[in-house]
Amino acid sequence: MIGKLFGAWLGNKVAGENRGAKGALIGYGAAAAARRSVPALAAITLGGWAYRRWRDRRDRRADV
């Protein structure tokens, strides 16, 4: 629900005044893109963090 409201607000700002359905379409597209991209970005970030942590631990053990 919040994503739809944010999408509508974003579409309104992008389309400007008196643009009809253009703002609604842009807002819907932005909400759909965010819904698909945010989980993927979160997974990539978490994977990178876990890999760095694993590598740092491995390097510390090799130094000892």
Side-chain angles (χ1 to χ4, degrees):
M1 180 69 180
I2 293 174
K4 290 181 183 180
L5 291 173
F6 177 72
W9 175 80
L10 180 65
N12 185 34
K13 292 294 181 184
V14 170
E17 293 183 25
N18 301 323
R19 299 284 191 222
K22 183 179 178 183
L25 292 174
I26 292 171
Y28 180 76
R35 202 172 22 252
R36 291 180 185 268
S37 65
V38 170
L41 289 173
I44 290 169
T45 302
L46 182 61
W49 174 79
Y51 174 73
R52 187 192 67 193
R53 189 172 169 119
W54 170 78
R55 189 186 65 208
D56 289 345
R57 282 187 179 179
R58 185 188 63 180
D59 291 344
R60 269 190 277 143
R61 288 182 185 159
D63 290 340
V64 173

Lys NZ or Arg CZ of R58 over W54 ring: under 6.0 Å, within 45° =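 The answer is yes, since R58 meets both limits relative to W54.
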Sequence neighbours excluded, the answer for ring pair (Phe, Tyr, Trp, His ring centres under 6.0 Å) partners of W49 is none
If you group Ile, Leu, Val, Met, Phe, Trp and Tyr whenever their side-chain heavy atoms sit less than 4.5 Å apart, what else falls in with V38?
-> none
Applying the side-chain contact (heavy atoms from CB on, under 4.5 Å) test to D59, which of R61, R57, R55 qualifies?
-> R55
